[in-house]
Amino acid sequence: MTKTELSKFKKILETKQEELERIVRKRDAITIEKSADALDEVQHASERELAIRNLDRESHLLRAVRSALRRIDEGSFGICLHCEEEISPKRVAAVPWTSLCIQCQEQADRHREEGTEDTFEEMLVSAA
Ligand SMILES: [Zn+2]
């Protein structure tokens, strides 16, 4: 990958990171919010549940974005963490924070569906 491409992706990722940090911070506020009213409490409970689920997803994405930025600095950006093959430029352009090539991603998704190894990607992200 050329320096120009790298700095382009870095900009995209930094923007995404800021956006996600904003969302995660805002959701934190929702999660903490409490209500004295009992009926409201039920409503809030499901809202909180939803907020927490979303927060999980956003936090996960934020971690992926951060680790992609780290890989840009380390010079391993665009390389699959699992098989160490180059990730297709089309895939990187579509999902710049991806850490897996399409084959490994499909494998990870399959694992997740089967529920056998839902921490597969997490593991790779934290190993990065
Ligand atoms: Zn791979």
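Numbering of ligands and ligand atoms starts at 1, following listing order.
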Item to check | Trace of the salt bridge (charged side-chain N to carboxylate O under 4.0 Å, His left out) decision for Glu19 with Lys16 | outcome: CA-CA 5 Å; Glu19 188 188 312; Lys16 190 78 189 166; 3.7 Å; yes
Item to check | With Ser7 via side chain to side chain contact (heavy atoms under 4.5 Å, CB included) - residues at least two apart | outcome: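 For Ser7 there are no side chain to side chain contact (heavy atoms under 4.5 Å, CB included) partners, ignoring immediate neighbours.
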Item to check | Any Phe77 side-chain heavy atom under 4.5 Å of Leu69 side chain | outcome: no
Checklist entry - Do Ser46 and Glu49 have a side chain donor and acceptor closer than 3.5 Å? => result no
Item to check | salt bridge (charged side-chain N to carboxylate O under 4.0 Å, His left out) between Arg112 and Asp109, intermediate numbers included | outcome: CA-CA 5 Å; Arg112 198 162 23 234; Asp109 289 345; 2.7 Å; yes
Checklist entry - Can Arg63 and Ser67 be said to form a side chain to side chain donor-acceptor pair (under 3.5 Å), step by step? => result CA-CA 6 Å; Arg63 272 203 303 279; Ser67 113; over 6 Å; no
Item to check | Within-2.8 Å protein N/O/S contacts of the Zn ion (ligand 1) | outcome: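 Listed by chain and number, the atoms are Cys80 SG, Cys83 SG, Cys101 SG, Cys104 SG.
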